[in-house]
2 protein chains.
Amino acid sequence: MAVTDEAIEKIKSMIVSGALRPGSRLPKESELAADLGLSRNSLREAVRALSLIRILDVRQGDGTYVTSLDPQLLLEALSFVVDFHRDDTVLEFLAVRRILEPAATALAAPLITEGQLDALSRQLDELGEDPPVEDLVAADLEFHRGIVRSCGNSVLCSLLDGLSGPTTRARVWRGLTQEDAVGRTLREHRAILAALRDRDAEAARSWATVHIASVEQWLRSTL
Amino acid sequence: MAVTDEAIEKIKSMIVSGALRPGSRLPKESELAADLGLSRNSLREAVRALSLIRILDVRQGDGTYVTSLDPQLLLEALSFVVDFHRDDTVLEFLAVRRILEPAATALAAPLITEGQLDALSRQLDELGEDPPVEDLVAADLEFHRGIVRSCGNSVLCSLLDGLSGPTTRARVWRGLTQEDAVGRTLREHRAILAALRDRDAEAARSWATVHIASVEQWLRSTL
DNA sequence: TGCGGCACAGACGTCCGATGTATCCGCCCA
DNA sequence: TGGGCGGATACATCGGACGTCTGTGCCGCA
């Protein structure tokens, strides 16, 4: 195995084993390179790779630190990876989202606060009846994120965040080409909110399913 | 932004835009470095980072290539990230798996072939009634993977593969400490198989839910 | 005494050039 | 025609030098 790969593994094991705790600082590059028995250049490649996926946080002039390792942070890297998927796999991502999002919405039903529901309602109202497509899609993303954040499971929340990215483009196309997509989206959003206000988890789940399925159906008929 | 980060972005955009297609070869390091306006060392850091998450495949003595970008391949990197999560988030991962796995199992019901079902049955039989815990856990992983692979959605399949890792350890503890965990697991596996043979998606979904919920419940009571 | 600016030290950022090593491929020989 | 050898190519690794940024403490001013 290449020395850089070895270094990645060693740093990983130092973290997993607990020798390096979240937030703790690594020895400076030259020292760590000497400890691990490689050059600073090669070590830097390892550090750079780990920082891309948010395991390490390097701060110029300061030092290199282990991140908090929060699920939220680590799964953020997922969206980077997801960006590379080609359009022909959007349907598969959407299918996964169709499984997760209704479940997350149902979980949020008993947990989301009145204040958060009010904020979501307000955002919907501010959007108006006939917003530009870009605004709608942005609001759509924010709407679902707002609900999912209240599902009580940060892994689930981050996963959905990462998966929602690639389907965003699909929604843009849809808004541009399908009649009444805007009105339909807004109506479905209001229905989801109403179900949440009633603390009706099953209704919320169903509306979320319907909401995503309509996008999925449209996309399937288009491709 | 650092030149290396710029390079990562540029390479990414070259791939996303289609200038670099899956399987195509990148210019050699020195040329690419010159094109992007940075040194070979810094470029190497960018390439190394992208190869860690399976975007690029570098072959010594040959060249650097864009991978197939299959969801399966890219989500493999997920398990690397997941390894870093501490034990206190296992429950959250398990909760997500509890959502996805029953859905995947239900999806597999109409798709899985008789041959595959036979193979899974055979593996269960070969395991015997009272296998060592390690064997059971390995077989458990293989069992679920075998089913999920037939769900017709490679994104879902890879995602579950990545998420199943961290819960594995939990299952080991359980097998070691809980009375009859082995027998219960085997019975539940047989029930899932029977439901699949009947092409009864709902029954399969329910058994899968029960199966994972029992692990979850045990874990929750233990922590 | 308290505050703000400045200078220094430490650590990461970037680059260069050289050398090692694996792979590919064409030439040569049997 | 088949197989082995060697050159060309490209990645792997190294050591060192210099730039740039950050944190910190000293020092002077109010």
For this session: Any chance you could lay out the side chain to side chain contact (heavy atoms under 4.5 Å, CB included) test for B/D161 and B/L78, step after step, and finish with the verdict?
Result: CA-CA 9 Å; B/D161 253 17; B/L78 182 65; over 6 Å; no
For this session: Please confirm whether any donor atom in the side chain of A/D62 sits under 3.5 Å from an acceptor in the base of C/dG10, or the reverse.
Result: no
Seminar exercise, completed: A/N41 CG to C/dC15 P, in whole Å, measures 11 Å
Problem set entry | Rounded interatomic separation in angstrom, taking CD from A/E45 and P from C/dT14 | 13 Å
Problem set entry | Phosphate OP1/OP2 of C/dG13: any B/T4 side-chain N/O under 4.0 Å | no
For this session: Give one of base, sugar-phosphate or nothing for A/R59, where a contact means two heavy atoms less than 4.0 Å apart.
Result: sugar-phosphate
Exercise. Which whole-number value in Å describes the distance from B/E29 CD to C/dT21 C1'?
Worked result: 14 Å
Problem set entry | Whole-Å gap separating C1' (D/dC18) and CZ (A/R44) | 14 Å
Exercise. For the atom pair CZ (A/R205) and CG (A/L107), what is the distance rounded to the nearest 0.5 Å?
Worked result: 7.5 Å
Exercise. Is B/S30 touching bases, backbone alone, or none of the nucleic acid, heavy atoms closer than 4.0 Å?
Worked result: nothing
Problem set entry | Verdict with supporting geometry, B/L141 and B/S164, side chain to side chain contact (heavy atoms under 4.5 Å, CB included) | CA-CA 8 Å; B/L141 214 58; B/S164 296; 4.0 Å; yes
Problem set entry | Nucleotide D/dA12, atom P - distance to CD of B/Q60 in whole Å | 6 Å
Exercise. Reckon B/S39 has a side-chain N or O less than 4.0 Å from the OP1 or OP2 of C/dT14?
Worked result: no
Problem set entry | Any N/O donor-acceptor pair, A/R25 side-chain to C/dA11 base, under 3.5 Å | no
Problem set entry | Check ion pair B/R220-B/E216 (N to O, under 4.0 angstrom) | yes
Exercise. Below 3.5 Å, does any donor atom in the side chain of A/R48 face an acceptor in the base of C/dG13, or the other way round?
Worked result: no
Exercise. Tell me: OH of B/Y65 to C1' of C/dA22, nearest whole Å?
Worked result: 13 Å
For this session: May I ask you to decide whether A/D5 forms a salt bridge with B/R48, counting only side-chain N to carboxylate O separations under 4.0 Å?
Result: yes
For this session: Indicate whether OP1 or OP2 belonging to C/dC12 is found under 4.0 Å from a side-chain N or O atom of A/T64.
Result: yes
For this session: Could you state the atom-to-atom distance from CZ of A/R40 to P of D/dG15 in whole Å?
Result: 13 Å
For this session: Let me know the distance between CG of A/L38 and P of C/dG20, rounded to the nearest Å.
Result: 19 Å
Exercise. Toward the 5' end of DNA chain D, which comes first, B/L26 or A/G61, by nearest nucleotide?
Worked result: B/L26
